[in-house]
Amino acid sequence: MKNAIIRKSTLAFILVCAIALAGKAVVSPRHVQVDLLSSSWSFKTQRSPESVLSKQIPQASFAAPTQSTDGFTLKFSVDLKKFDRDRDILEIPWVVNVRLRRHNAQDRHRQNYPAFKMQDGSVPVLEVSIALQSLSDKTVRQDMVIGVPLAMLDNPEGRHEVILNFSGVCWTMYVDGKLVDNDFPLGYPQWRDTNAWKIDTEYVNSAEISLPAIRPERVQGASPEIASNIQYWTPRWHNAWVGDVVTFFHKGRYHVFYLFDRRGHESKFGRGGHYFEHISTSDFITWTEHEAAVPLERQWETVGTGTPFLFDGKFCISYGLHSTRIYPKEQTALQEQWDYLEKNGSTGAFSCDTLSLIPAGSTYSISEDGVSKFRKTDILFHPCENPSIYTDPEGRLKMLANYGARGTWESDAVESGWHCTNPNFPLGGDCTFFFRWGNYDYIIGGFTRLWSKPADAPESAYKDIVREGIDFYNGLSVPAITEIPGGRFLMAGWLKMQRWGGPLVIHELIQYPDGRVGTKWMDEITPETGKYRTLAKKLAKTETFSSDNESYMLTFDVIPSKSSGDKVGIVFMPEVGEQNACEVQIRPDDKLAQFGTGSAGKFAENEKSLKDGGNPQEAHNYAIENLMGVDKPFTVRLLVKGSDKFGGSVIDAEIAGQRTMISYRPGLTAKNTLFRMDGAELRNVKIAPLKD
């Protein structure tokens, strides 16, 4: 969600896709992939465990740790054979419980366990809870649960080595040396002077506990870990998603920072527990996953959106400390910062290490190598909790304040001296970001706002583009805009699947002479397809086709009639019935397209655009208006991406190569496609399976 203006690079990009022509889809000659960091970890220690259990000694006692804040590491060997009822297989009373549980195959709440089902459709899970004493009320204990669906493991019914590690900052499960789930604690276990513990020897062969916790080290796995594409990508785990995205182009690389999310904002007992992960690419073919740019390292940390930026030759990323999600505002350092600002007329610098209250507000990290390896400054420079920093085209360091503050700010340095230059614009909210394209300036505002003005006009000239109905919101949440070489601009965001979070989506922007902006698919990362099959040269009536695949590409040409009232509907339906069916509807005369609830019997009811109160950010039913290029024959491309992890399908539409819209349809596996026309004709209807 950012764009500090960058100077054009002379780096030659490898353009690997053919141009989309009538009825033909783009097919990449090279396969896009994401080279992931290893998920394997090692626990090296010379210390003897505090206590050991075995089949011969299934229960014992051990003394409480000297400091509960030092954590613990619990290792055990388990036989994951079939079980006919829920079983507690390891227990430390009042502290840890390990269980085998049969999960409801329809319940994706929080853990999304049905992303991995056994062949019979069941969802057995290995689940662990730790009881944590509340930081604010010592009489309250909360259970923090992590777990893994057994079908996610290489051998779901074999013997496995499990490690549970509580560091005080992170509560993590490893199976056979691989990280499979984690959460971020608030509070610590309430140990007793003497702690009894036991195992179920039918399942657990041995167990040992080490006090304090052992620090794990990432190690290289037996083979490289690779994701097959960046488009619609999510982190590899069953319950892991992409949250707010911020992007930047620097020294020949396009960088994507995203708030890592587990459980749809329900980690850290509902406080989010987000932090910035980082991937980048120099050619849009091979993407590299880096170590987290802003990891969580203290219990009071949870991170909100910021922006990457350049200052004094250093590659930085700003972000907000959302401590007020955990602590009452009066227990944080926000008021101290506001008092300083009111007294001095500009902000000061506050070290997180010396504050007497909980740090909250704006801070930033600096890359040590100009690519990754970010280091926290731990300096608070503004009470805003979502800082959007950029360098404007005139070289001034500026900030748009969001969440907890508002207005446009300016400074000569990052760490202090921020003063407000316009307290009433932008209007605040979640995330607002500036970019300049040619002769026009734009500010995109989080989920639903967009302003624009001529570049040489004053700030007072910004117009509300959403109110005019010519915005480019297309179903993504909090999109980020960044320029890449060749005068191209990319829009990256996340598609809502959980209460918060989903897959990464990147589309390319196009600009018209009057400054209006449209969207199209980015050729380099459009998923590869297999061979195309022609369904029909011409469709003149309602017709239904079936697909053997849950993920595929459809392309066709729309030929508007000379009369008014043209309407085209493409309904995606499951194999049986119409439950969860989705219609993509295009009305060329109205210059409007929409996602609606599908039906075999009639066109979907009209949906609202953003201007008229619709909600494209919900990524379900909504309309886009003022389409370009639909007053003459035009091509439509529709991509359907089904996934067990998604629990449904993504439908991504490109209309006339000038406007995109995307939707998530839970519960839909789109095996049947119905084409319905009123007036307009459809020609050159083709289908191809996705290779991913």
Side-chain angles (χ1 to χ4, degrees), residues 1-7 246-248 250 304-321 333-334 336-350 360-366 377 379-437 439-446 449-463 480-483:
M1 312 35 125
K2 81 128 254 188
N3 194 358
I5 297 300
I6 60 172
R7 296 177 179 173
V246 293
T247 54
F248 198 71
H250 178 56
T305 307
T307 52
F309 64 97
L310 285 178
F311 179 72
D312 197 22
K314 297 175 182 177
F315 184 22
C316 309
I317 181 169
S318 65
Y319 54 96
L321 295 176
L334 288 176
E336 185 176 354
Q337 295 174 76
W338 283 116
D339 291 344
Y340 184 98
L341 175 61
E342 183 177 357
K343 179 180 179 180
N344 297 279
S346 62
T347 63
F350 296 80
S362 299
T363 184
Y364 74 113
S365 294
I366 302 173
T377 62
I379 297 295
L380 297 176
F381 60 82
H382 197 284
C384 164
E385 293 171 75
N386 274 3
S388 176
I389 295 181
Y390 64 99
T391 304
D392 74 7
E394 288 71 40
R396 295 171 296 194
L397 189 64
K398 303 185 79 171
M399 181 179 73
L400 305 176
N402 310 278
Y403 187 45
R406 62 187 298 174
T408 303
W409 299 70
E410 192 171 325
S411 180
D412 293 327
V414 180
E415 294 188 356
S416 63
W418 290 96
H419 57 280
C420 189
T421 59
N422 187 341
N424 298 314
F425 184 83
L427 302 177
D430 279 339
C431 317
T432 49
F433 308 98
F434 169 89
F435 67 100
R436 174 171 290 178
W437 191 348
N439 296 322
Y440 292 89
D441 289 342
Y442 305 85
I443 293 178
I444 187 167
R449 306 302 301 272
L450 179 65
W451 300 271
S452 181
K453 71 175 183 65
D456 58 0
E459 286 190 351
S460 59
Y462 271 111
K463 294 190 301 182
I481 315 296
T482 288
E483 184 179 6

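Residue numbers run from 1 in the order of the sequence given.
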> Does the Thr432 side chain pair with the main chain of Ile444, one donor and one acceptor, at a distance under 3.5 Å?
Replying inline: no
>> Tell me whether Thr307 contacts the main-chain N or O of Ile389 through its side chain, where contact means a donor paired with an acceptor under 3.5 Å.
In response: yes
> Can you name the side-chain hydrogen bond (donor to acceptor under 3.5 Å, both in side chains) partners of Glu336, sequence neighbours left out?
Replying inline: none
>> I'd like to check the side chain to side chain contact (heavy atoms under 4.5 Å, CB included) partners of Cys316; sequence neighbours left out, ordered by chain and number.
In response: Phe309, Lys314, Tyr364, Ile366
> In terms of heavy-atom contacts, does CG of Asp412 have more than 12 from other residues, nucleotides or ligands at under 6.0 Å?
Replying inline: no
>> So, using side chain to side chain contact (heavy atoms under 4.5 Å, CB included) as the criterion, who are the partners of Ser411 when residues are at least two apart?
In response: Trp418
> Mind checking what makes ring-ring contact (aromatic ring centres under 6.0 Å, His included) contact with Phe311, not counting sequence neighbours?
Replying inline: none
> With Glu342, which residues qualify under side-chain hydrogen bond (donor to acceptor under 3.5 Å, both in side chains), at least two apart?
Replying inline: none
> Under the side-chain contact (heavy atoms from CB on, under 4.5 Å) criterion, do Thr377 and Val414 qualify, and how do the steps go?
Replying inline: CA-CA 11 Å; Thr377 62; Val414 180; over 6 Å; no
> For the residue pair Cys384 and Ala401, what are the closest heavy atoms and their distance?
Replying inline: SG-CA, 3.8 Å
>> Tell me whether Gln337 contacts the main-chain N or O of Ala360 through its side chain, where contact means a donor paired with an acceptor under 3.5 Å.
In response: yes
> Ignoring hydrogens and geometry, is there a side-chain-to-backbone donor-acceptor pair from Thr363 to Ile379 under 3.5 Å?
Replying inline: yes
> Sequence neighbours excluded, which residues qualify as side-chain hydrogen bond (donor to acceptor under 3.5 Å, both in side chains) partners of Asn439?
Replying inline: none
> Which atom pair, heavy atoms only, marks the closest approach of Pro387 to Glu385?
Replying inline: CD-C, 3.8 Å
>> Looking at Ser362 and Phe381, would you say the former's side chain and the latter's main chain have a donor-acceptor pair under 3.5 Å?
In response: no
> Which one of Phe434, Phe425, Tyr462, Tyr442 satisfies the ring-ring contact (aromatic ring centres under 6.0 Å, His included) criterion with Trp451?
Replying inline: Phe425
> Quick one: CD1 on Ile443 to NZ on Lys453, what's the gap to the nearest 0.5 Å?
Replying inline: 8.5 Å
> Can you name the salt bridge (Lys or Arg N to Asp or Glu O under 4.0 Å) partners of Lys463, sequence neighbours left out?
Replying inline: Glu468
> Donor-acceptor pair, Thr482 side chain versus Thr247 backbone, under 3.5 Å?
Replying inline: yes
> Does the Asn386 side chain pair with the main chain of Cys431, one donor and one acceptor, at a distance under 3.5 Å?
Replying inline: no
> Got a sec, which residues hit salt bridge (Lys or Arg N to Asp or Glu O under 4.0 Å) with Glu410, two or more places apart in sequence or on another chain?
Replying inline: none
>> To the closest 0.5 Å, what do you measure between CH2 (Trp338) and NE2 (His382)?
In response: 5.5 Å
>> So, using ring-ring contact (aromatic ring centres under 6.0 Å, His included) as the criterion, who are the partners of Phe315 when residues are at least two apart?
In response: Phe248, His250, His255, Phe374
> How far apart are the closest heavy atoms of Ser388 and Asn402, and which atoms are they?
Replying inline: CB-ND2, 3.9 Å
>> Applying side-chain hydrogen bond (donor to acceptor under 3.5 Å, both in side chains), can you list everything that pairs with Ser365, at least two apart in sequence or on another chain?
In response: Tyr319
> Which pair of heavy atoms, one from Thr391 and one from Leu310, lies closest together, and at what distance?
Replying inline: OG1-O, 3.2 Å
> When rounded to the nearest 0.5 angstrom, what distance separates CD in Glu415 from OG1 in Thr347?
Replying inline: 10.5 Å
> With sequence neighbours left out, what residues match Tyr440 under ring-ring contact (aromatic ring centres under 6.0 Å, His included)?
Replying inline: none
>> According to side chain to side chain contact (heavy atoms under 4.5 Å, CB included), who are the partners of Thr408, at least two apart in sequence or on a separate chain?
In response: Lys398, Leu400, Thr421, Asn422, Pro426, Glu459
